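Below: the structure, in structure tokens.
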There are 2 protein chains.
Amino acid sequence: MKIPHIETLISRGPFSESAEWKRLRTELLAAVRAAEWPPGTGTFTIRPESGKKRGEGNGVKPIKDRTVSLLTAGRKYGEMKKRGLTDHRGTWVAEHPWPVGERIKPGNMDAAYVLQDAGIVCLEWETGNISSSHRSMNKMCLGLHKGSIKAGILVVPSRALYPFLTDRIGNIAELEPYFELWRSTDCAEGVLEIVVIEHDAVDLKAPRIPKGTDGRALT
Amino acid sequence: MKIPHIETLISRGPFSESAEWKRLRTELLAAVRAAEWPPGTGTFTIRPESGKKRGEGNGVKPIKDRTVSLLTAGRKYGEMKKRGLTDHRGTWVAEHPWPVGERIKPGNMDAAYVLQDAGIVCLEWETGNISSSHRSMNKMCLGLHKGSIKAGILVVPSRALYPFLTDRIGNIAELEPYFELWRSTDCAEGVLEIVVIEHDAVDLKAPRIPKGTDGRALT
DNA sequence: TATGGATCCATA
DNA sequence: TATGGATCCATA
């Protein structure tokens, strides 16, 4: 997978300049670049078919799988907790709960790295509706505002990849008008970045990425 | 329709204390209270049937219609523009475009009041997915941040009304963890409020609010 | 093409 | 019940 652009919205304070963050960022970007289609090819080739119509084009669910599993090596927060493993310092963990919000638990992060000292680096890979990307960004901004995360990274498709995926998926173009708002987030320190992804190649003979409704009786 | 709660997130500067704002707010709340079901009854009676399952419960689209038409008296921005009417000062107008964002036009407001001096009071009635409420809030925060709107009001269902409507509709409970973030919006002046709505009564014999064919609905 | 929305899904 | 999706719709 290509990364045509990285938008750095916030980068402030000692952690943003630390060797640890540089290492984690490099690791994370390498895992994003390792996303592939079809599986096992080492590159991301998309079938150029519009995703807007029912049952056509490419679904989005499998796209992030390899990145998350490369980073976390299969460590999932919930499963580890069942086995009594609750100290994740120094590792990436999938499905890590959010440390913000008291009255309502705000769901899980796609992946998180728990720092040795204190704080969390959070990865959100957006494959939902564009409006869902706003919730992801807000969640990371809230974490930075409250000081409960040290860095937040959102991964979203480029406008070139967007038309081939399920209609109205999160994409960088529609987030741009809001950059100014997120840059102005009231936080003492931290990092907030949006990583843009794009297919390596287009091939009419590439298999479609299945949509979540395949094999299910929707008719 | 009942208004069990109004959450005032921002209220700052001269406009927030002006007689004009007090008048507009009263007008707006009266129009919200005038929402009704079934049409013509003067009260909002909901059929207590879960909206989560396919084809069951109540859709959301018609709920805001009466409020918007009472406020705007049928004035729609697009239609008036066609007839050469572009000065809306001193009136409420439906489907008013957003004055924020240059590279991408960020859609329309449900209703807006154009002030005599400068600035706009914006009403967003959220009947979309909860994630869509985040986009609405971000849009209003961006408008306040840039000074292009004077007030933003979001209308969302209470948690008591929520279960009877289409699954995952915007609701006040899921927005609460983010109040702290929106309160901290960097803006010089303005008003930001969330108006919570709830049915007046429940009746097993009330007609269902019809659902449309969006999303994963069939036919 | 572009944008806000509306509707169900998967899983804990 | 609760939460983050995933998918398709309506309209300009």
Side-chain angles (χ1 to χ4, degrees), chain A residues 50-64 76-79 81-82 95 97-98 101 103-110 124-136 138-139 159 162-163 165-171 173-174 177 209-214 216 218, chain B residues 50-64 76-79 81-82 95 97-98 101 103-110 124-136 139 159 162-163 165-171 173-174 177 209-219:
Chain A
S50 168
K52 290 181 146 184
K53 286 185 241 157
R54 181 184 295 276
E56 295 182 13
N58 299 278
V60 294
K61 206 162 181 193
I63 301 178
K64 70 178 163 192
K76 291 186 185 180
Y77 188 91
E79 293 177 4
K81 194 176 174 186
K82 275 185 198 154
E95 298 161 23
W98 272 86
R103 300 172 63 169
I104 287 210
K105 307 162 265 179
N108 298 332
M109 310 173 182
D110 287 319
E124 294 264 51
W125 185 302
E126 250 303 312
T127 50
N129 187 285
I130 174 69
S131 63
S132 191
S133 311
H134 280 263
R135 177 174 50 202
S136 283
N138 285 169
K139 200 177 280 189
R159 199 69 182 193
Y162 167 80
L165 304 176
T166 298
D167 193 22
R168 306 305 291 120
I169 237 59
N171 63 88
E174 283 187 70
I209 304 172
K211 285 189 171 179
T213 52
D214 282 22
R216 208 173 308 141
L218 259 189
Chain B
S50 168
K52 291 180 144 186
K53 288 186 239 157
R54 182 181 297 276
E56 295 182 13
N58 299 278
V60 293
K61 204 161 182 193
I63 301 178
K64 70 178 165 193
K76 292 186 185 180
Y77 188 92
E79 292 177 4
K81 195 176 173 186
K82 274 186 199 155
E95 299 162 21
W98 273 87
R103 300 173 61 171
I104 287 209
K105 306 162 264 176
N108 297 333
M109 310 172 182
D110 287 319
E124 293 264 52
W125 185 301
E126 248 303 312
T127 50
N129 187 284
I130 173 68
S131 64
S132 190
S133 311
H134 280 263
R135 179 174 50 204
S136 283
K139 199 177 281 191
R159 198 69 181 192
Y162 166 81
L165 304 177
T166 298
D167 193 22
R168 305 307 290 117
I169 236 61
N171 63 89
E174 284 186 70
I209 305 172
K211 283 185 171 181
T213 55
D214 292 35
R216 300 178 76 144
L218 298 175
T219 72

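Predicted model, so just to flag it, every value in this text is computed and none were measured. Note that these values count all heavy atoms, side chains included, but never hydrogens, waters or copies made by symmetry.
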[X] near the nucleic acid: base, sugar-phosphate alone, or nothing, with a heavy-atom cut-off under 4.0 Å?
{"X": "A/Ser136", "answer": "sugar-phosphate"}
{"X": "A/Glu95", "answer": "nothing"}
{"X": "A/Tyr162", "answer": "base"}
{"X": "B/Gly78", "answer": "nothing"}
{"X": "B/Lys52", "answer": "base"}
{"X": "A/Glu126", "answer": "sugar-phosphate"}
{"X": "B/Ser131", "answer": "nothing"}
{"X": "B/Gly55", "answer": "sugar-phosphate"}

Item to check | Rounded distance (Å) that lies between atom P of D/dT3 and atom NE2 of B/His134 | outcome: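 B/His134 atom NE2 is separated from D/dT3 atom P by 11 Å.
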
Checklist entry - Roughly how many Å is it from CD1 in A/Ile169 to C1' in D/dG4, rounded to a whole number? => result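 Going from CD1 in A/Ile169 over to C1' in D/dG4 covers 13 Å.
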
Checklist entry - Is any side-chain heavy atom of A/Asn171 less than 4.5 Å from a side-chain heavy atom of A/Leu165? => result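 Contact flag for A/Asn171/A/Leu165 side chains = no.
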
With [X], which residues qualify under side chain to side chain contact (heavy atoms under 4.5 Å, CB included), at least two apart?
{"X": "A/Glu79", "result": "A/Lys76"}
{"X": "A/Lys61", "result": "none"}
{"X": "B/Thr127", "result": "B/Val60, B/Lys64, B/Trp125"}

Checklist entry - Which atom pair, heavy atoms only, marks the closest approach of B/Gly170 to B/Ser133? => result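 B/Gly170 and B/Ser133 have their closest heavy atoms at CA-OG, 3.5 Å.
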
Item to check | Shortest non-hydrogen contact from A/Lys211 toward A/Gly55 | outcome: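 The answer is NZ-N, 4.1 Å.
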
Select one nucleotide: of [options], the one nearest the side-chain heavy atoms of [X].
{"X": "B/Thr166", "options": "C/dT3, C/dT7, D/dG5", "value": "C/dT7"}
{"X": "A/Asn129", "options": "C/dA2, C/dA6, D/dG5", "value": "C/dA6"}
{"X": "B/Thr127", "options": "C/dA2, C/dA6, D/dG4", "value": "C/dA6"}
{"X": "A/Val60", "options": "C/dG5, D/dT7, C/dT3", "value": "D/dT7"}
{"X": "B/Glu124", "options": "C/dG5, D/dG5, D/dC9", "value": "C/dG5"}
{"X": "B/Lys211", "options": "C/dG5, C/dC8, D/dG4", "value": "C/dC8"}

Next on the checklist: The criterion is side-chain hydrogen bond (donor to acceptor under 3.5 Å, both in side chains); which residues satisfy it with B/Asn58, sequence neighbours excluded?
Outcome noted: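 Partners of B/Asn58 by the side-chain hydrogen bond (donor to acceptor under 3.5 Å, both in side chains) criterion come out as none, since no residue qualifies.
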
Next on the checklist: So, using side-chain hydrogen bond (donor to acceptor under 3.5 Å, both in side chains) as the criterion, who are the partners of B/Tyr162 when residues are at least two apart?
Outcome noted: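 Partners of B/Tyr162 under the side-chain hydrogen bond (donor to acceptor under 3.5 Å, both in side chains) test: B/Arg168.
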
Checklist entry - Hey, is the side chain of B/Asn108 pairing donor to acceptor with the base of C/dG4 inside 3.5 Å? => result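 By the distance-only test, no, there is no pair.
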
Next on the checklist: Could you check whether the side chain of B/Arg168 and the base of D/dG5 have a donor-acceptor pair of N or O atoms closer than 3.5 Å, going by distance alone?
Outcome noted: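 Donor-acceptor pair under 3.5 Å: no.
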
Checklist entry - B/Trp125 or A/Pro163: which one's nearest nucleotide on DNA chain C is closer to the 5' end? => result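 It is A/Pro163, whose closest nucleotide lies nearer the 5' terminus.
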
Item to check | Under-4.0 Å side-chain N/O to phosphate OP1/OP2 contact, A/Arg135 with D/dG5 | outcome: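 For D/dG5, neither OP1 nor OP2 has a side-chain N or O of A/Arg135 closer than 4.0 Å.
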
Checklist entry - Taking five pairs at each end of the helix from C/dT1-D/dA12 to C/dA12-D/dT1, what angle separates the two helix axes (nearest 10°)? => result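 It works out to 30° between the end axes.
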
